[in-house]
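Okay, so here's the structure we're looking at.
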Amino acid sequence: MKRREFVGASLALTAAMPFRAWSAVLKNVADVAAKSLDGADVTLRGSSVEALAASLRGDVLLPGNPDYDRTRRVWNGMFDKHPALIVRCTGASDVRHAVDFAREHQLLTAVRAGGHSVSGKSSCDGGLVIDLQSMQGVRVDPEARRAFLESGSLLGQLDHECTAFGLATTAGTFSDTGAAGLTLSGGFGRLGRRFGLACDNVASFDIVTADGRFLRASDDENADLYWGLRGGGGNFGVVTSIEYRLHRVNPIILGGFIAWPFDQARAAARFHRDIAMDAPEAVNLFPVLYWEDNTPFFGVEVCWSGDHAEGEEWLKSLRALGKPAMDSIGLMPYVKLQSSGDATAPHGIRSYAKNGFLGGLSDDGIDLMLDVFARTPGLYDMFCDHCGGAYSRVSLDSTAFPRRDMKFVLAIWSGWPTSEGIDEKVAQMRAAWRELEPLTKGFYTNYAGADTVAAGYRDNFGANFERLVALKAKYDPMNLFRLNANVPPKI
Ligand SMILES: Cc1cc2nc3c(=O)[nH]c(=O)nc-3n(C[C@H](O)[C@H](O)[C@H](O)COP(=O)(O)OP(=O)(O)OC[C@H]3O[C@@H](n4cnc5c(N)ncnc54)[C@H](O)[C@@H]3O)c2cc1C
């Protein structure tokens with residue numbers, strides 16, 4: 001089945017399904033106080049909100065509606081935002097109506113897929129949230145090695161469908177992260193050194209742009225947009241579906257975690273650095289400094305997705321290092337490793353993170369990291385994503401993703417169950433990062449927190465920035481989609 005036929009079939013199915021209740025219930029709506037794009041107060045006529053609801057198969061949720069409170073919440077509990085209205089879309093048609101409404105009323109607009117935004121930008125106060133959580137589904141074409149994903153789907157759904165056919169593509173390391181947000185700004189994952197970033201594996205996007213048009217972006221159609229959507233984030237519209245290229249991957253991988261007491265961390269971290277730089281592409285190493293029962297450890301999560309015997313052989317030197325405090329590396333389903341961290345970052349956790357790319361890592365750099373970590377007990381994790389391999393084989397100008405020549409992404413992360421003492425804890429994190437930041441060059445957009453300023457994003461896009469600005473001027477000249485790693489429509 002060709003791609004076009006698939007889209008047609010899914011829309012036909014949508015049209016045949018009965019309308020859900022909300023559009024019928026939204027009657028006699030009072031005028032709604034909202035925020036415009038530039039933050040001014042605006043009033044939405046109740047009748048226009050009713051008309052919007054009537055145009056949808058999904059729902060319009062207003063404050064006080066059942067589901068409003070649950071739906072407005074995002075993963076990062078630091079952000080407790082109250083949008084004026086939430087449009088719960090069921091497909092591209094609803095998305096078009098929502099985008100038209102937002103544009104015509106010049107409303108502050110957020111787009112939400114999996115809701116994992118570290119910076120909380122997938123919700124807003126007083127604006128409109130275009131919510132894609134009802135748009136979930138993945139269809140795999142095993143012969144063509146393609147997955148067609150509705151843009152509200154989570155990574156676990158993508159992995160689950162693909163692995164049944166012995167296929168996979170690069171996805172992030174937590175199964176409840178949204179595929180769309182992760183992919184649009186890059187997408188690091190355990191298969192990335194073999195197959196590149198998640199965005200490098202996209203064959204096409206379907207998107208509703210700011211003017212309400214439904215476009216396909218691929219090598220053959222709207223190639224400029226296809227370039228910008230692979231790393232440029234949510235700047236150009238609302239992506240409604242993503243077509244991924246898939247690869248043969250044994251559903252059973254060699255993976256797990258090995259950790260050493262902190263007094264061995266220096267030697268273990270140096271050893272990791274040395275083997276990581278030139279490691280086979282079948283392996284992804286994820287080193288992390290963490291606390292358990294108030295005791296610091298250095299560990300490395302391993303995912304070897306190649307031949308098992310070769311992997312066992314390669315791992316011997318890592319396993320022979322010092323006296324590990326634990327070693328759980330063994331054969332396991334890839335999808336099990338992919339969801340192994342989920343419980344450590346539950347929905348609603350108050351989260352703060354900082355990150356930066358590392359071009360390399362000196363002995364002094366490692367010493368600094370260990371020292372900062374040991375002095376910052378409020379810091380939950382310090383970790384490094386493993387780059388190189390296929391990430392680096394993609395040239396800088398062939399996608400909008402800003403860095404291709406880096407070795408690692410260094411990040412610090414904390415998550416607190418309550419907001420008690422949070423300002424002081426965040427201040428500790430900022431102080432820790434001030435010491436580490438000089439080691440880094442640029443940052444990974446998807447890990448950037450709310451305190452990343454517009455100029456920071458501009459500098460970070462570097463050589464790709466001007467091309468992104470031209471695209472923004474073409475596809476979103478009013479900057480309707482500004483709650484993201486925002487690119488302005490003119491410099
Ligand atoms: C626990 C956790 C683990 C993570 N692990 C990884 C990892 O392993 N690798 C990695 O690379 N990143 C990882 N991230 C970062 C993650 O990639 C980003 O947080 C990403 O934005 C999440 O996507 P989402 O769809 O869940 O987020 P959302 O909050 O729904 O969206 C984030 C932003 O993406 C844009 N967006 C989302 N959907 C669309 C759409 N359909 N059309 C247009 N714009 C859209 C919007 O600008 C939105 O503000 C992790 C984050 C968390 C919280």
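Order of listing sets the numbers, starting from 1, for every ligand and every atom in it. Throughout, residue positions are numbered sequentially from 1 according to the sequence presented.
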Look at [X] together with [Y] and state whether they make a salt bridge at an N to O cut-off of under 4.0 Å.
{"X": "D476", "Y": "R482", "result": "no"}
{"X": "R190", "Y": "E301", "result": "yes"}
{"X": "R194", "Y": "E281", "result": "no"}

Ring centroid separation Y380 to Y290 under 6.0 Å
no
Under 6.0 Å from the six-membered ring centre of Y352 and within 45° of its axis: does the NZ or CZ of R350 meet both?
no
Just list the N/O pairs, ligand 1 to protein, that are under 3.5 Å apart, with the distance for each.
unit_1, atom_1, unit_2, atom_2, d
ligand 1, 8 (O), T173, N, 2.8
ligand 1, 8 (O), T173, OG1, 2.7
ligand 1, 9 (N), F188, O, 2.8
ligand 1, 11 (O), F188, N, 2.8
ligand 1, 11 (O), Y444, OH, 2.6
ligand 1, 17 (O), N446, ND2, 3.2
ligand 1, 19 (O), H116, O, 3.0
ligand 1, 21 (O), N446, OD1, 3.3
ligand 1, 23 (O), L182, N, 3.4
ligand 1, 25 (O), G114, N, 3.0
ligand 1, 25 (O), G181, N, 3.2
ligand 1, 26 (O), G115, N, 3.4
ligand 1, 26 (O), H116, N, 3.0
ligand 1, 26 (O), G178, N, 2.8
ligand 1, 27 (O), H116, N, 3.2
ligand 1, 29 (O), H116, N, 3.2
ligand 1, 29 (O), S117, N, 2.8
ligand 1, 29 (O), S122, OG, 2.6
ligand 1, 30 (O), A113, N, 2.6
ligand 1, 30 (O), G114, N, 3.2
ligand 1, 30 (O), G115, N, 2.7
ligand 1, 41 (N), V239, O, 2.9
ligand 1, 42 (N), V239, N, 2.9
ligand 1, 47 (O), L483, O, 3.4

Any chance the side chains of T240 and D206 put a donor and an acceptor closer than 3.5 Å?
no
